[in-house]
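Along the sequence shown, residues are numbered consecutively beginning with 1. Source: prediction; values computed, not measured.
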Amino acid sequence: KPSSELKRLRSRRFFSPPRAAGSAMAAATSQTLKVLLFGPAREAVGEGHVEVALPAGATVAELREAVRSACAALKPLLPTSRFSVEQELVQDEVGTKVATGQEVALIPPVSGG
């Protein structure tokens with residue numbers, strides 16, 4: 001049975017049930033990014049995209065490491081691949097931040113003739 005103190009608190013407007021520790025903070029400080037894959041990257045994974053978890057405010061350099069950790073099939077392609085954000089090739093991976101909702105793609109090297 002709930003104690004009388006708990007009953008009294010529940011009767012007040014400001015009472016809210018306890019939440020898991022840090023759950024709101026974790027939700028506010030992390031993001032999931034969908035990275036589109038093309039050519040050899042798409043073939044290596046067998047899918048058109050991968051999803052990776054990153055801290056909010058992460059850079060493309062951090063995204064590269066997250067992709068490396070999350071998807072072993074892409075490891076051989078990552079050293080020679082580029083990322084694009086909102087259809088612009090990234091020039092400065094350390095200075096470019098990514099956010100949920102942006103179009104992000106991994107562009108592997110291509111050859112043609």
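Hydrophobic clustering, with ILVMFWY side chains joined whenever heavy atoms are under 4.5 angstrom apart, keeps Ile107 apart from Val104. Neither Phe38 nor Val60 shares a network with the other; the hydrophobic side chains, linked directly or stepwise wherever heavy atoms of I, L, V, M, F, W or Y lie under 4.5 Å apart, form separate groups for each.
With rounding to the nearest 0.5 angstrom, the CG atom of Leu78 is 5.5 Å from the CZ atom of Arg68.
Scanning both residues, Gln91 and Arg82, for their nearest heavy atoms gives NE2-NH2, 3.2 Å. The nearest pair of heavy atoms linking Gln102 to Lys97 is OE1-O, 3.8 Å. Heavy atoms only, all atoms of each residue included: Ala66 and Leu54 are closest at CB-CD2, 3.5 Å.
Within the 3.5 Å criterion, the main-chain N or O of Gln87 finds no donor-acceptor partner in the side chain of Ser84. In this structure, Glu65 contributes its side chain and Glu62 its backbone to no donor-acceptor pair below 3.5 Å. Gln31 places a side-chain N or O within donor-acceptor distance of the main-chain N or O of Val98, the cut-off being under 3.5 Å.
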Under 3.5 Å, which donor-acceptor pairs do the side chains of residues 39-48 form with other protein atoms, sequence neighbours left out?
none

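Counting heavy atoms from C-beta on, the side chains of Leu106 and Leu36 never come closer than 4.5 Å. Within the 4.5 Å cutoff, the side chain of Glu88 has no heavy atoms near those of the Glu103 side chain.
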Check your understanding: Please walk me through it: do Leu33 and Thr100 pass side-chain contact (heavy atoms from CB on, under 4.5 Å)?
Key -> CA-CA 6 Å; Leu33 252 72; Thr100 301; 4.2 Å; yes
